[in-house]
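Keep in mind that what you see is a predicted model, and the values were worked out from it rather than measured. Note on naming: letters A, B, ... go to the chains in the order of the sequence lines (proteins, then strands), and numbering restarts at 1 for each one.
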Amino acid sequence: MAATLSPPLVSAPPQSSPPTPETLPSNNHRYRYRYRSENQTRYTVDYTNPTILPLIERCSSTSQAKQIHAQMLRRRIFFDSSYYASRLFTLYALSDFSPSLDYARKVFDQMPEPNVYSWNTLIRAYASSSEPLQSFLVFLDMIQDCPDSPNKFTFPFLIKAASELAAKRVGMAVHGMAVKGSLDCDVFVLNALIHFYASCGDLVEGCKVFSKMPERDVVSWNSMINALAQEGGSSEKVFRVFEGMLGEGVEPNDVTMVGVFSACAKIRNLRYGRWFHSIVVKNGIEKSLILNNAMLDMYTKCECLCEAKRVFENMGKKDIVSWTTMLSGYAKMGEFDAARIVFNAMPRQDIAAWNALISAYEQNGHAKEALALFHELQVSKYAKPDEITLVSSLSACAQLGAAESGSWIHVYMKKHGVKLNCHLMTSLIDMYAKGGYLDKALEVFQSAEKKDVYVWSAMIAAFAMHGRGNDAINIFKRMQEAKIKPNAVTFTNVLCACSHAGLVEEGRFYFNQMLPKYGVVQQVKHYSCMVDILGRSGLLEEAIELIENMPLVPGASVWGALLGSCRTYGTIGQAEHAFAHLIEMEPRNHGAYVLMSNIYAKFGMWDGVSRLRKLMKEFGIKKEPGCSSIEVDDTVHEFLVGDNSHSQCREIYLKLYEIAERLKSNGYVPNKSQLLQDIEEENVKEQALYSHSEKIAIAFGLIKTAPSTPLRIMKNLRVCGDCHTVGKLISKLYDREIILRDRYRFHYFKEGQCSCMDYW
DNA sequence: ATAGGGTTAG
């Protein structure tokens, strides 16, 4: 039948060619009335028109629609029957072959008297368009021009528009109008309201609507389940609501199951996940594409890749989400070979696929691979970096301390006109700070127009890691002036700043104010910061008291902080106590063994040292090798302790030798105390001192960069006492600033001094 | 005389 439309079944005269938006009057409803006044003569129209309706019903393309449209204009049906006009208009507004919503709008504006149905349809079309605000403008016109009142169909669309806009007050007003129009018993209206309140973040109100409903259908339950599933930390509630649904005998459908799987995925609950999977099978629920994807997501998040692979392979239809989910499943597990195979097998590699790989590399500590991929992406023609790519890549630079590469990305952003959102701002600040460019971090921070709590917190962290405690606290104060509410992250950074700068009073002050003044509950990490602050300044008793009285289970980080301060101030008993707790929680924490053995060595308890060493060997625990890196000419050079694999190894060691001689002739005596734990022969110790990775990196930097260029070195472990002394001396004797980032903070060596004032 | 709502990744 559709084929008979072309050529037109009614031979249309040439002047009645289909209208185009250009030839139509503009979007102004005054035209509607003009049409009427110009056409006083009414034609008799057969409202049971036998030809038009079947044509509209079978219409499946724009050109067919336009032919029907032309006929209706010519035969005046369009003007004389608001019913037929509305049927035609729906084709333009909602069908998937609609040329555009603008076009539909122009057709709408031609209708002399659009009926309620047409008004609703237009509101509906805008609600799910890119301009949901238009729904409300149309609604105002409707109240003005439409003789009939808005009905039960109008409200769900309006509420949907309010959800899209996350316009809470507007939606509440619509809710009020629905109540006034006695439409608040319509299940569609109420379901829309649940969804609306949830999308504005007001689950309480959503629950209220839900619980007051006289009757609930499957969509009501789904709206509730999905609202809770999207809210963080409500997974348990999702399961309870689901059980409530089964209890009331409502059959779950595929949308229900998407919600519950997403809740499982969020909290990685495989047990529930498998149970839901069995329900899908038992109830014969249609395994729609989205449902399959949600199951896939659940299994990958629960690290159950075999199961995920089975789902994936049994899927009839796969889309890009399916592929990306599978890909990031492998990547997050560190199975990068498998991830790459999926990546290459995908029908097309969109930016999400690249992001999945890049961020997995970055999150698993393979920052170099992440950056390499980012560079590969830039030469690819098929995908363009987006904000997520940039955030991951900047984080990779931050990890590496590769500020040169990072600032290159910053330039790229400026060149491509990427607008700085808060995520990007935070990443940039973090990258510059961790790369040793505190001033650049501050520059970005100051240029920010809008700063959210993370941007502020990142700047506090930046000052903290550079040992600038008071500046960090100042930022914290300014943040409050700007009326930004600090969160748990903010306080971690503030306390960390106090710890690095030895600000005991301030630390105590802010720690105690967290809950009463700011309503932020102290977490284990805040306690460990506090223990660190107290312990570092020798207040060990107070630190221990704090641990004993804390309302949470002291985590490994708390005991680690205590053990750390025992090295300087503690008794052997306190240290052993902390160590015992620490390895009970983290038996494979190599740092703990090294620290404890350092403490034994300090007390000259060599039997303790060898006992620990035996233990480590027995459990196969290896000391993490020291590794330092330096960025020269956009390339990150990495050196392991005692490394001799670099192509310029010979020059480096000659330089090291030269440095040693020069330092010694200036009165330097190597400090070997921190090596006692793992090397016994005296001469080897001295050699080891010269082979520490940060020294190798410094030597390399001295060779490869112009005189008086600052050197920026990144180290994976804490800097040892000897390297710290050497750093200070080199800064003076070679007239070089050395900016050394260790595991915890920065050291600025300049003219023989270090910014940490030897407090670290 | 026509009709509507809820969903997956990064």
Just checking [X]: base, sugar-phosphate only, or nothing, at a heavy-atom cut-off of under 4.0 Å?
| X | answer |
| --- | --- |
| A/Asn115 | base |
| A/Ser262 | nothing |
| A/Phe261 | nothing |
| A/Gln230 | sugar-phosphate |
| A/Ser86 | base |
| A/Ala352 | base |
| A/Asp319 | nothing |
| A/Asn253 | base |

Of the options [options], whose atoms approach the side-chain atoms of [X] most closely?
| X | options | value |
| --- | --- | --- |
| A/Asn226 | B/dA3, B/dT7, B/dT8 | B/dT7 |
| A/Ile388 | B/dA9, B/dG4, B/dG10 | B/dG10 |
| A/Asn355 | B/dG10, B/dG4, B/dT8 | B/dG10 |
| A/Tyr83 | B/dT8, B/dT2, B/dG10 | B/dT2 |

Ring of A/Phe153 versus six-membered ring of B/dA3: centres under 5.5 Å and planes under 30°?
yes

Write down the distance between [atom1] ([X]) and [atom2] ([N]), rounded to a whole number of angstrom.
| X | N | atom1 | atom2 | answer |
| --- | --- | --- | --- | --- |
| A/Arg124 | B/dG4 | CZ | P | 5 Å |
| A/Lys266 | B/dT7 | NZ | P | 12 Å |
| A/Leu88 | B/dA1 | CG | C1' | 17 Å |
| A/Asn293 | B/dG10 | CG | P | 11 Å |
| A/Asp217 | B/dG4 | CG | C1' | 12 Å |
| A/Asp186 | B/dG4 | CG | P | 13 Å |

So if I take residues 371-381 of chain A and measure heavy-atom distances to DNA chain B, which residues fall below 4.0 Å?
none

Can you tell me whether the side chain of A/Asn120 and the base of B/dA3 have a donor-acceptor pair closer than 3.5 Å?
yes

Would you say the side chain of A/Asp350 and the base of B/dG10 hold a donor-acceptor pair, judged only by whether the two atoms sit under 3.5 Å apart?
no

Between A/Asp102 and A/Lys106, does at least one N-O distance fall below 4.0 Å, as a salt bridge requires?
no

Polar side chain donor-acceptor pair, A/Asn292 to A/Asn314, under 3.5 angstrom
no

Can A/Ser427 and A/Asp430 be counted as having a side-chain donor-acceptor contact under 3.5 angstrom?
no

Would you call A/Trp119 and A/Asp148 a side-chain contact if the rule is heavy atoms closer than 4.5 Å?
no

Test item: A/Lys266 and A/Val238 side chains (from C-beta on) under 4.5 Å apart, heavy atoms:
no

Looking at A/Lys152, I'd like to know whether one of its side-chain N or O atoms comes within less than 4.0 Å of OP1 or OP2 on B/dA3.
no

